[in-house]
Trainee: 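Once you've had a glance at the structure underneath, I'll fire off some questions.
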Amino acid sequence: MCLGVPGRILEIDGSNAVVDFWGVRRRVSLDVVDEPVAAGDHVLVHVGFAIRRIAPEDLAETLAFFEAMTAEDLEGLRK
Amino acid sequence: MNAKLEFRDVSRGRALQARLDRAMARANRDVTVMHVCGSHEQAIARYGLRARFPANLHVKMGPGCPVCVTDAPEIDACVALAERGLRILTYGDMVRVPGRAKSLEDARAAGARVEVIYAATQAAELAAATNEPVIFFATGFETTAVPTAAVLLRDPPLNLFVLSAHKWVPAAMEVVASSPDSRIEGYLAAGHAATITGCGIFEPFVEKHRRPVVVAGFEPLDILSGLVVLVEQILEGKAEVANAFPRCVTREGNRRALDALFRVFEMGDGEWRGIARVPLGDLRLRPEFAAHDATVRFAAELAAAPAVEPRADAAECRCGAIMTGQLQPTDCRHFGKGCRPDAPIGACMVSTEGACRIWYEHGSPS
Ligand code: SF4
């Protein structure tokens with residue numbers, strides 16, 4: 001019940017969107033999403049509601065965070 | 001870019017693990033932390049992380065399974081309305097959870113109308129397609145309470161009634177941290193709930209209890225990196241809120257969602273199943289939404305519900321002690337014997353986010 005699933009917006013119709021979740025399409029409400037969204041955006045969806053637009057730079061930020069966390073250990077593994 | 005794969009990258013996982021191992025080896029003492037999220041336990045079990053944690057790091061499960069903390073009398077109330085012939089809609093996991101005596105599934109087997117929905121919007125759609133009253137038994141934390149609120153704010157059909165069992169997670173963390181025998185030195189908070197509340201919500205908690213809170217996501221790397229940040233804070237004697245899920249969580253959270261939540265709900269003291277009476281832990285409909293409040297509309301039916309005779313073995317269920325980090329599923333004598341997913345005694349064996357069910361299905365870590 002508590003699972004949030006990221007998906008990509010295919011099209012928007014008023015306050016609803018069709019979202020692609022790795023091949024499965026669902027109608028999702030945009031009533032409480034945190035910022036304006038457009039087709040092509042990634043959103044985090046909870047029980048039929050988008051609750052966050054995942055900006056591309058946020059994805060990058062997370063990867064950079066892992067990078068920073070693991071840099072020294074990866075160095076260690078390469079030696 | 002396939003983000004999902006990158007978040008499971010094996011070499012990075014090993015590197016994080018090595019860092020955790022080193023920190024715990026340097027610490028040379030036991031450290032106990034708690035996660036407050038059923039999805040964290042699922043990921044820990046699915047990727048076999050627990051068996052690989054350093055031996056002196058104890059990661060306890062907290063009250064993070066929304067199905068498990070829905071109180072038995074709340075289920076009894078819904079069963080009573082179902083047995084009156086009223087039409088009930090709820091999320092799938094709730095149907096099989098036993099109340100004090102019966103589950104909604106038991107009521108359905110005896111002819112009651114209980115239907116599973118996947119999205120809160122379905123409740124409004126199904127109500128709009130009929131004239132009879134439709135009751136949405138709405139359960140879960142912030143993440144599902146916001147959708148319920150959004151449905152009620154969008155001009156719902158007059159025959160839609162909400163029976164709210166929604167709960168507010170930060171209130172339960174307060175109860176765990178305040179228990180005098182708590183050995184928990186830090187908390188891993190749920191990334192999805194914090195997407196809504198923001199990680200700033202934990203600042204007063206950290207201030208008061210001097211324990212760090214790290215918000216983490218649900219991929220193996222999310223959890224490992226969250227644990228690294230948490231353990232390093234503990235060992236350095238720091239207590240801060242840290243955000244290890246920056247791709248979704250901000251300090252302020254989703255203001256629009258929080259605004260919807262608090263326009264519809266107010267906090268009240270409430271019982272969390274097997275755990276405690278949690279001050280301000282329940283989300284109740286505000287009086288402005290009384291016209292859609294099942295406890296108001298069906299007050300007479302609820303008051304007239306026959307007294308429930310609790311089943312005998314339910315008293316031996318240890319879900320409460322498991323969800324407050326005092327016991328683990330294998331400490332319960334019914335685990336895997338009298339209590340199994342196909343024949344559950346307690347809620348923790350029903351829900352896919354329940355500790356007993358997760359340990360039963362993935363095997364308990366040795
Ligand atoms: S095994 Fe069953 S009875 Fe025992 S604590 Fe878990 S859910 Fe309760």
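Throughout, protein chains are lettered first and strands after them, A, B, ... in sequence-line order, and every chain is numbered starting at 1.
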Trainee: Do B:K167 and B:E74 sit within salt-bridge range, that is, some charged N less than 4.0 Å from a carboxylate O?
Mentor: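 Result for this pair is yes, salt bridge flagged.
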Trainee: Contact part of B:T250 toward chain A, heavy-atom cut-off under 4.5 Å: side chain, backbone, both or neither?
Mentor: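 For B:T250, side-chain heavy atoms alone lie under 4.5 Å from chain A.
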Trainee: Between B:A119, B:P147, B:G92, B:G253, which residue shows the highest count of heavy-atom pairs closer than 4.5 Å to chain A?
Mentor: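 Most heavy-atom pairs within the cutoff with chain A belong to B:P147.
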Trainee: Going by the salt bridge (Lys or Arg N to Asp or Glu O under 4.0 Å) test, which pairs reach into residues 31-49 of chain A, not counting sequence neighbours?
Mentor: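 The answer is A:D31-B:R154, A:D34-A:R52, A:E35-A:R53, A:D41-A:R53.
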Trainee: For A:V28, which atoms come within 4.5 Å of any heavy atom of chain B: side chain, backbone, both, or neither?
Mentor: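 Neither part; nothing is under 4.5 Å.
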Trainee: What part of B:T121 is in contact with chain A, defined as an atom under 4.5 angstrom from a non-hydrogen atom: side chain, backbone, both or neither?
Mentor: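 It is both, since atoms from each part get that close.
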Trainee: Is chain A contacted by the side chain of B:A260, its backbone, both, or neither, given a heavy-atom distance below 4.5 Å?
Mentor: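 When you check distances to chain A, only side chain atoms of B:A260 fall under 4.5 Å.
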Trainee: For this output row, return yes or no: ring centroids of B:Y47 and B:F218 closer than 6.0 angstrom.
Mentor: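 Ring centroids of B:Y47 and B:F218 are no less than 6.0 Å from each other.
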Trainee: Applying salt bridge (Lys or Arg N to Asp or Glu O under 4.0 Å), name anything that partners B:D259, two or more places apart in sequence or on another chain.
Mentor: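 Expected list: B:R263.
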Trainee: Report the C-alpha separation of B:F265 and B:H166 in whole Å, then their side-chain angles, then the decisive distance to 0.1 Å, and conclude whether the ring-ring contact (aromatic ring centres under 6.0 Å, His included) test is met.
Mentor: CA-CA 9 Å; B:F265 293 104; B:H166 283 306; 5.5 Å; yes
